[in-house]
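Keep in mind the model is a prediction, meaning the values are calculated, not measured. Reckoned from all heavy atoms, side chains included, excluding hydrogens, waters and symmetry mates.
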Amino acid sequence: MPDPGLFTWDIRADLVYADGALAELFGFDPHETERSLLVQTNLDRVHPNDVAALARQISDAIIAQHPTVRRYLSHNADGSDVFVSAFGRCLGIAKNNPVHYAGIVVPAETEPGRATIH
């Protein structure tokens, strides 16, 4: 099994920091992910059919302070697609505002009901 990609999102700065495993999974430069990428840069890799539901689920998890799991299709820089499963949770509240969201992303089997991507 490949290494899980680790990330943390500084919600106030709207920056995601990630390790090399996540960079490889999404087709990012690992030096860039370690220094941070805008959240939108990461969301741009999510398939358009999955981005709204993913964003809504993350927002709900932040508000309700509960962990979340989501399987979605990611479109890599090289043009390939991969299903991933993301596990995340909001950590830290400062003055009633969320501060950090952290989690892991791993390759997933083809989503039930969807054709295999080539």
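In plain terms, the two heavy atoms of A108 and S85 that are nearest each other are CB-OG, 3.4 Å. For the pair A23 and T33, the tightest heavy-atom approach, listed with the atom from each and the gap, is CB-OG1, 3.6 Å.
How far CG of L22 is from CZ of F28: 7.5 Å, rounded to the nearest 0.5 Å. D19 contributes atom CG, which lies 4.5 Å from atom CG of L6 (distance to the nearest 0.5 angstrom). How far OG of S74 is from CZ of R45: 7.0 Å, rounded to the nearest 0.5 Å. Here OG1 of T68 is found 3.0 Å from CD of Q57. Values are rounded to the nearest 0.5 Å. Annotation: the span from R12 atom CZ to H100 atom NE2 amounts to 6.5 Å, rounded to 0.5 Å. Between the SG atom of C90 and the NE2 atom of H66 there is a distance of 10.5 Å, given to the nearest 0.5 Å.
Under the side chain to side chain donor-acceptor pair (under 3.5 Å) criterion, T8 pairs with no residue, sequence neighbours left out.
Following chains of ILVMFWY side-chain contacts shorter than 4.5 Å, one cannot reach V16 starting from L91, and the two form parts of different hydrophobic clusters. L15 and V39 are not part of a single hydrophobic cluster, where members link through side-chain heavy atoms under 4.5 Å apart.
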### Task
Evaluate the criterion side-chain contact (heavy atoms from CB on, under 4.5 Å) for residue pair L54 and L43; output intermediate values, then yes/no.
CA-CA 9 Å; L54 176 64; L43 289 175; 4.2 Å; yes
### Query
Between F87 and V105, is a side-chain contact (heavy atoms from CB on, under 4.5 Å) present by the stated rule, with each step listed?
CA-CA 6 Å; F87 306 82; V105 181; over 6 Å; no
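With hydrogens and angles disregarded, a donor-acceptor distance shorter than 3.5 Å links the side chain of N42 to the backbone of L38. Side chain of D50 to backbone of L73: a donor-acceptor contact under 3.5 angstrom is found. In this structure, the side chain of N76 does not engage the main chain of G79 through any donor-acceptor pair within 3.5 Å. Formation of a donor-acceptor pair under 3.5 Å by the R70 side chain with backbone atoms of A86 is not found in this model. No donor-acceptor distance shorter than 3.5 angstrom exists from the side chain of Q65 to the backbone of P98, with no hydrogens or angles considered.
Each of D81, D44, V46 was scored for a side chain to side chain contact (heavy atoms under 4.5 Å, CB included) with H75, with one residue passing: D81.
At least one side-chain heavy atom of L37 sits under 4.5 Å from a side-chain heavy atom of E32. Within the 4.5 Å cutoff, the side chain of L25 has heavy atoms near those of the P107 side chain. By the 4.5 Å heavy-atom criterion applied to side chains, I62 and I11 are counted as neighbours.
Residue E24 places its CD atom among 12 or fewer non-hydrogen atoms of other residues, nucleotides or ligands, all under 6.0 Å distant.
Within the structure, ring pair (Phe, Tyr, Trp, His ring centres under 6.0 Å) contacts touching residues 3-22 (residues at least two apart or in different chains) are W9-Y101.
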